[in-house]
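Notes follow once the structure below has been shown.
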Amino acid sequence: RTTKQGLASERPFRGDRVFWFANEVARRVARTYPDRSLLVLAYVNYAEPPDTVRPLPNVVPFLCHYAPADYSRPINDPRSEPNRQFNKLLRKWAKIAPQTTIYSYVSKSMWWRLPRPVLRPFAADIKYFYSLGLRRYYCQSSLTDWKLDGPLYYVIGRLLWDPSQDPQAIADEWIRLMFGLAAESMAEFYRSIDESVRKTGRPYSDHPPRDVPGLYDRPLLDQALAALERAEATPADRTVHDRIAGVAKVFRYGYHMIEALQQRHRFQTTGDPAALRAAREAGEKALSYVRVREAVRLVESFQAVIDLGVLATGFGPPEKKGGRRCWNSDETGKGDGRAGWASFVVQTPRTDRPLVIEMDVWGTSDLHHIVINTSGDGRSAASGSVWTPIRPQKPLSGKERWETLVFRIPPEALAAGKPFQRLGFGGSDSQVWISRIRVRQ
């Protein structure tokens with residue numbers, strides 16, 4: 001069977017296989033080391049409890065709160081569908097294996113170091129885990145931004161010793177002891193960030209380009225920035241100012257990167273090139289404070305979108321061929337064996353008429369066809385999504401020159417009723433150089 005939970009539903013369920021094997025290992029290890037335990041992740045397509053086996057007492061499942069997950073609300077909040085699904089898993093594990101450990105993503109590396117106000121839901125989760133009889137909690141956390149996220153770490157650490165404590169009182173203590181005379185302004189700073197997400201009520205997981213647009217209330221982010229500026233201006237000793245500077249550097253990056261993602265979303269929905277220029281400007285300002293790998297790639301892609309004329313991803317850095325600036329579909333380089341896959345999205349006012357794609361391609365490129373996501377769900381072909389290959393009206397010559405390939409896509413290949421169409425090309429370490437993509441109906 002396939003897994004039924006959230007993102008894992010695309011993959012075959014492996015829980016019985018994983019925990020049968022774990023039991024066999026643990027049983028044999030226990031003959032020599034009866035006091036040892038075997039820790040085993042319960043993750044993605046084996047996050048559900050197995051059907052045919054039960055973990056032995058010395059097998060400790062590490063249930064990962066990864067997918068499905070909604071970090072805007074506590075796990076037992078029924079208003080959140082992803083958390084409702086995860087809570088169902090959690091209660092099953094607590095029943096069949098009381099030794100289950102929660103694997104918590106406290107410092108979410110995939111959140112690009114953006115503001116992530118999860119103190120309230122994480123505190124509520126710890127109290128809930130305790131009520132279910134669970135006594136083990138593991139945090140994945142890099143502590144890169146410990147100054148910014150300090151209240152969160154402090155609250156979690158204290159609640160793990162005593163879940164009955166008041167989380168807000170713990171956070172207030174941390175802010176007071178860390179920031180001294182600037183504590184009042186810093187308390188308002190943290191409170192405004194928290195409220196900026198609570199006010200919108202939107203869920204979010206681990207994908208900023210998808211989750212950030214509309215997530216934060218902008219006036220409250222402005223209020224947080226103003227409070228931070230007051231803290232910076234507060235007379236205090238050097239230690240306190242260094243701590244505030246650590247918070248300010250990361251927050252200012254996040255403040256501008258949020259704007260970049262908002263403007264990118266506006267471009268996606270309206271096609272307004274001014275939005276893309278605004279996204280690039282905000283992104284470059286964000287990177288002047290902190291350079292996060294994923295954010296750097298996104299901001300670099302804005303120039304590709306401006307040059308190519310469509311919303312594109314997966315391209316490498318800009319190159320020069322035949323006097324033109326161009327973009328290679330293989331962002332990692334030739335010869336590394338990694339698939340050079342690129343994709344782009346185009347607007348389609350009508351899906352009952354043919355779509356014509358014109359691509360200016362370097363003549364020696366490995367481009368024989370493009371594919372269009374006919375099912376319109378954006379998933380991979382391996383997970384059952386339909387991608388229809390479309391060949392150009394005339395192939396490339398193989399010569400060192402710029403040529404225009406024309407692809408005529410019939411209505412039956414378009415994603416019916418969708419205002420945007422997703423297309424892709426490349427793969428298998430292919431090298432495809434594009435300088436411009438034009439679309440017409």
Side-chain angles (χ1 to χ4, degrees), residues 2-11 13 41-49 61-95 100-112 114-134 137-141 149 151-152 155-156 159 163 167-168 171 190-191 193-217 220-221 258 261-262 265 377-379:
T2 58
T3 53
K4 300 185 287 294
Q5 305 298 330
L7 300 177
S9 61
E10 300 179 5
R11 309 183 185 188
F13 178 64
L41 293 182
Y43 181 65
V44 188
N45 62 324
Y46 49 98
E48 293 180 63
F62 268 44
L63 177 58
C64 300
H65 188 206
Y66 172 64
D70 170 9
Y71 298 110
S72 68
R73 296 183 178 89
I75 287 170
N76 62 342
D77 187 335
R79 294 174 298 171
S80 170
E81 178 58 24
N83 285 357
R84 188 193 66 78
Q85 294 179 15
F86 185 82
N87 190 31
K88 187 177 179 181
L89 287 185
L90 173 64
R91 296 183 72 89
K92 285 182 181 178
W93 276 112
K95 184 176 182 180
T100 293
T101 298
I102 297 300
Y103 190 120
S104 180
Y105 295 84
V106 175
S107 178
K108 191 69 175 179
S109 58
M110 288 178 285
W111 196 241
W112 297 14
L114 299 172
R116 188 168 172 264
V118 294
L119 190 152
R120 291 174 185 269
F122 271 56
D125 289 344
I126 290 174
K127 292 173 179 285
Y128 180 56
F129 299 148
Y130 190 82
S131 74
L132 293 178
L134 301 179
Y137 187 89
Y138 179 87
C139 301
Q140 176 174 311
S141 180
D149 297 325
L152 171 65
V155 166
I156 288 176
L159 289 182
Q168 191 56 55
Y190 283 110
R191 185 166 54 250
I193 296 176
D194 186 67
E195 289 297 327
S196 74
V197 172
R198 294 181 73 197
K199 184 174 181 180
T200 67
R202 293 175 66 96
Y204 66 100
S205 182
D206 61 357
H207 193 280
R210 177 195 64 211
D211 296 340
V212 163
L215 175 63
Y216 302 90
D217 178 76
L220 282 166
L221 283 184
I258 289 167
L261 291 168
Q262 290 278 128
H265 179 71
D377 52 15
R379 297 187 303 158

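Below, each value reflects all heavy atoms present in this structure, side chains not excepted, and no hydrogens, waters or symmetry copies.
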Task: Main-chain N/O of Ile75 paired to Asp125 side chain as donor or acceptor, under 3.5 Å - done: yes
Task: Heavy atoms of other groups near Tyr128 OH, more than 12 under 6.0 Å - done: yes
TODO: Show your working on side-chain contact (heavy atoms from CB on, under 4.5 Å) between Gln140 and Cys64 and close with a plain yes or no.
DONE: CA-CA 10 Å; Gln140 176 174 311; Cys64 300; over 6 Å; no
Open item on the list: Can you tell me how far apart OG1 (Thr200) and CG (Asp217) are? Round to the nearest 0.5 Å.
Closed with: 7.5 Å
TODO: Decide yes or no for His65 and Phe122: does some side-chain heavy atom of the first lie under 4.5 Å from some side-chain heavy atom of the second?
DONE: no
TODO: Mind listing the closest non-hydrogen atom pair of Val155 and Ala123 along with its distance?
DONE: CG1-CB, 4.1 Å
TODO: Decide side-chain hydrogen bond (donor to acceptor under 3.5 Å, both in side chains) for Tyr105 and Asp206; before the verdict, give the C-alpha distance in whole Å, the side-chain angles of both, and the deciding distance to 0.1 Å.
DONE: CA-CA 10 Å; Tyr105 295 84; Asp206 61 357; over 6 Å; no
Task: Leu220 versus Lys199, closest heavy-atom pair with distance - done: CD1-CD, 3.9 Å
Task: Pairwise distance CD1(Ile126) to CG(Leu134) - rounded to 0.5 angstrom - done: 12.0 Å
- [ ] Check Tyr71 against Val118 and note the closest heavy-atom contact, atom names and distance.
- [x] O-CG1, 3.7 Å
Task: Nearest heavy-atom neighbours spanning Asp77 and Asn83 - done: O-CB, 4.4 Å
Open item on the list: Below 30° counts as parallel, above 60° as perpendicular, anything between as tilted: where do the rings of Phe62 and Tyr103 land?
Closed with: perpendicular
Task: Full working for side-chain contact (heavy atoms from CB on, under 4.5 Å) between Leu132 and Trp93 - done: CA-CA 10 Å; Leu132 293 178; Trp93 276 112; over 6 Å; no
TODO: State, with a plain yes or no, whether a side-chain heavy atom of Pro115 is found less than 4.5 Å away from one of Ile258.
DONE: yes
TODO: Enter the distance from Ile102:CD1 to Leu63:CG here, rounded to the nearest 0.5 Å.
DONE: 5.0 Å
Open item on the list: Evaluate Leu114 against Leu261 for side-chain contact (heavy atoms from CB on, under 4.5 Å), listing each step before the verdict.
Closed with: CA-CA 11 Å; Leu114 299 172; Leu261 291 168; 4.1 Å; yes
- [ ] Measure across Pro117 and Ile193 and return the closest heavy-atom pair with its distance rounded to 0.1 Å.
- [x] CG-O, 3.8 Å
Open item on the list: Please evaluate residues Gln262 and Tyr216 with respect to the criterion side-chain contact (heavy atoms from CB on, under 4.5 Å), reporting the C-alpha separation (whole Å), side-chain torsions for both, the decisive distance (0.1 Å), and the verdict.
Closed with: CA-CA 10 Å; Gln262 290 278 128; Tyr216 302 90; over 6 Å; no
Task: Gap between atom CG of Asn76 and atom CG of Leu90 - 0.5 Å precision - done: 9.0 Å
- [ ] Give a yes or no on whether the backbone of Val106 and the side-chain of Arg116 come within a donor-acceptor separation of less than 3.5 Å.
- [x] yes
- [ ] Starting at CZ of Arg73, measure out to CZ of Arg79 and round the result to the nearest 0.5 Å.
- [x] 5.0 Å
Task: Atom pair CG (Asp149) and OG (Ser107), whose distance is rounded to the nearest 0.5 Å - done: 6.0 Å
Open item on the list: With heavy-atom distances below 4.5 Å as the criterion, would you say the side chains of Thr100 and Phe129 are in contact?
Closed with: no
Task: Contact check, side chains of Leu159 and Tyr130, non-hydrogen atoms, under 4.5 Å - done: no
Open item on the list: Can you confirm whether Lys127 sits close enough to Pro167 that some side-chain heavy atom of one is under 4.5 Å from a side-chain heavy atom of the other?
Closed with: yes
- [ ] Measure across Asp70 and Tyr204 and return the closest heavy-atom pair with its distance rounded to 0.1 Å.
- [x] OD1-N, 3.3 Å
TODO: Could you check if a side-chain atom of Trp112 sits within less than 4.5 angstrom of a side-chain atom of Pro209, using non-hydrogen atoms only?
DONE: yes
